[in-house]
Amino acid sequence: MDEHNPAAGAARCPMYDQGFADAPEKVYDYLRAHGPAGPVELAPGVEATLVVEHETARRVLQNPGLFARDGRRWTDLNEGRIPLDSPVLPMMVYRPNCLFTDGAQHLRLRKAVTESLDKLNVARVRRDVEPIAAYLIDRFSETGRADLINDYAKLLPMLLINKLFGSPATIGDRVTTAMADMFDGRDAQAASEELTACFLELVSLKRRTPDEDVTSWLVQHSAGLSDEELKDQLVMLIGASVEPERNLIANSLLLLLERGGAEPSMQVEDALDRVLLNNPPIANYATHFPLQDVDLGGVLAKANTPVVISFAGANNDPALTEAGQAHSRSAHLAWGAGPHACPAKSLAQVVAVAAIEQLLNALPDIALSQPASELAWRPGPFHRALATLPVEFSPAPATRTASAFRTSGTRAAAGSGAQPAAPIPVPPAGSGKTPPKKGFWSSFLEIFRV
């Protein structure tokens with residue numbers, strides 16, 4: 001090994017196979033043994049430098065003058081060495097949104113996003129979670145068994161996003177289907193194109209008839225975003241809300257169920273803190289591109305090559321334990337740091353707590369159907385995501401939706417006076433037209449008329 005480059009002996013570690021999904025900490029520990037960062041392969045043919053040391057991660061995140069987010073700088077992509085069908089490209093290439101921009105453009109876009117999100121009433125969002133949770137729980141409560149990933153944790157954020165974005169039934173069903181296809185890897189390109197079309201329609205609708213929702217507030221913001229910019233901010237908000245929220249809910253439920261289900265040895269908020277520190281839902285991300293060759297503690301990150309932050313690796317850096325900060329909320333980087341830190345972390349935690357409490361209260365004897373050690377994790381370089389979370393419980397009548405409907409109906413009547421959503425149109429008998437297949441969002445709207 002080159003004594004002037006302690007990472008010289010580190011082999012390039014793949015981060016896309018089942019081995020990494022099963023035990024990512026082995027890769028973090030291996031790289032850390034050679035330096036604060038090391039060589040990885042995010043997908044076949046996609047090389048990057050992964051930062052696993054806490055101090056170095058903060059240095060990258062908080063130094064936009066040296067580390068840019070704009071993927072148009074990526075040399076290997078520009079010179080044709082990256083497969084254009086690589087599954088990681090949608091998470092790394094440039095888009096004109098506040099996640100992948102720098103400088104004045106980033107400030108303008110982020111201001112529109114943060115000020116629009118700030119208009120959400122956190123208490124109201126928590127109340128919005130309740131009927132969605134009730135609706136989903138009622139779909140499986142009578143069976144005594146469920147997969148809390150596909151039956152609950154995946155669907156709840158998707159439905160909530162439709163509510164917060166102000167999606168009508170027809171657009172919301174398409175958004176939910178496209179999101180599921182994109183995150184599950186079913187023709188991601190077609191799903192991305194469908195999301196683009198949906199959001200352009202939604203933006204057009206909100207320009208004509210604005211309402212009290214995030215899309216309308218973005219449309220009306222003084223930054224004067226174009227339709228294309230609005231569409232890209234909505235796509236970014238989807239990506240930042242659905243997959244991380246799904247994993248935060250599921251990983252926290254796993255921890256709580258390991259410790260006793262509805263009567264856990266820790267509070268739900270404590271479980272979230274533990275997951276964000278030790279098992280963050282987005283484990284590796286925040287791709288940066290150095291503006292010049294940079295020495296990361298003896299590891300050379302070449303200009304215009306991807307530098308990825310391992311939030312999981314940084315959070316579990318032994319240096320934090322030595323400094324007595326291993327369990328400090330302020331120490332973990334699960335929400336990022338610097339100018340691109342997550343602007344909705346409080347909102348995300350409120351949604352997760354509400355979703356988990358609703359489930360545990362509804363099904364008090366819920367338990368894992370198999371040992372936690374036998375659960376499968378989804379392969380992928382960026383997330384820390386369970387493939388399934390099978391549980392069992394005493395079958396219970398599907399009555400929660402009716403209760404939530406009465407509650408939400410009362411609140412709606414006392415609220416802004418908004419009119420209930422129209423029912424899904426059904427062609428008359430004998431018209432020769434097949435009724436449109438209802439999705440989760442239109443079915444939910446039909447029940448709650450929200």
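Computed from heavy atoms alone, side chains included, the values below leave out hydrogens, waters and symmetry copies. Just so you know, these numbers come straight off a predicted model, no measurement behind them. We count residues from 1, following the sequence as given.
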Is [X] reaching over with its side chain to a backbone N or O of [Y], donor-acceptor style, under 3.5 angstrom?
X    : Y    : result
R32  : G313 : yes
R69  : T287 : yes
E53  : A57  : no
N315 : L277 : yes
E245 : A352 : yes

Measure the shortest side-chain to side-chain distance between [X] and [Y] over non-hydrogen atoms and say whether it is less than 4.5 angstrom.
X    : Y    : result
H383 : P244 : no
V275 : L254 : no
P36  : V51  : no
W74  : L89  : yes
V214 : L120 : yes
K206 : L218 : no
R384 : N247 : no
P168 : L202 : yes

With side-chain hydrogen bond (donor to acceptor under 3.5 Å, both in side chains) as the rule and sequence neighbours excluded, what pairs involving residues 93-112 come up?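 Non-adjacent pairs meeting side-chain hydrogen bond (donor to acceptor under 3.5 Å, both in side chains): Y94-Q105, H106-H340, R108-E229, K111-E115.
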Test salt bridge (charged side-chain N to carboxylate O under 4.0 Å, His left out) on R378 and E243 and set out the steps. CA-CA 12 Å; R378 274 195 295 137; E243 176 76 16; 2.6 Å; yes
Reported [atom1]-to-[atom2] distance for the pair [X] and [Y], which is rounded to 0.5 angstrom:
X    : Y    : atom1 : atom2 : result
I82  : D76  : CD1   : CG    : 5.0 Å
L386 : L148 : CG    : CG    : 10.0 Å
M15  : L42  : CE    : CG    : 6.0 Å

Where do S86 and V46 come nearest, in terms of heavy atoms and distance?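 Minimum heavy-atom contact is OG-CG2, 3.6 Å.
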Which atom of P157 lies closest to which atom of S241, heavy atoms considered: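 Residues P157 and S241, closest heavy atoms: CB-O, 4.3 Å.
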With a 4.0 Å cut-off, would you call [X] and [Y] a salt bridge?
X    : Y    : value
D128 : R124 : yes
E47  : R12  : yes
E201 : R174 : yes
R73  : D70  : no

Would you sort out whether K231 and E228 count as a salt bridge (charged side-chain N to carboxylate O under 4.0 Å, His left out), showing the intermediate values? CA-CA 5 Å; K231 174 262 295 180; E228 283 293 318; 3.1 Å; yes
Among V60, L50, V52, which residue satisfies the side chain to side chain contact (heavy atoms under 4.5 Å, CB included) criterion with I309?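 The single option meeting the side chain to side chain contact (heavy atoms under 4.5 Å, CB included) with I309 is V60.
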Out of the candidates N162, L205, T215, only one should pair with S167 under the side chain to side chain contact (heavy atoms under 4.5 Å, CB included) rule; please name it.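 Testing each of N162, L205, T215 against S167, the sole residue satisfying side chain to side chain contact (heavy atoms under 4.5 Å, CB included) is N162.
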If you count heavy atoms of other groups shown closer than 6.0 angstrom to CD of E25, is the number above 12?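 Count over threshold, so yes.
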Donor-acceptor contacts, no H, no angles, side chain residues 298-306, under 3.5 Å, sequence neighbours left out:
| from | atom 1 | to | atom 2 | distance (Å) |
| --- | --- | --- | --- | --- |
| T305 | OG1 | K302 | O | 2.7 |

Under a 3.5 Å threshold, yes or no: a donor from one side chain and an acceptor from the other, between [X] and [Y]?
X    : Y    : value
S216 : D213 : yes
N284 : Y28  : yes
R208 : S204 : yes

Parallel, tilted or perpendicular: which describes the rings of F382 and Y285, with under 30° parallel and over 60° perpendicular?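 Because their plane-to-plane angle is over 60°, the rings of F382 and Y285 count as perpendicular.
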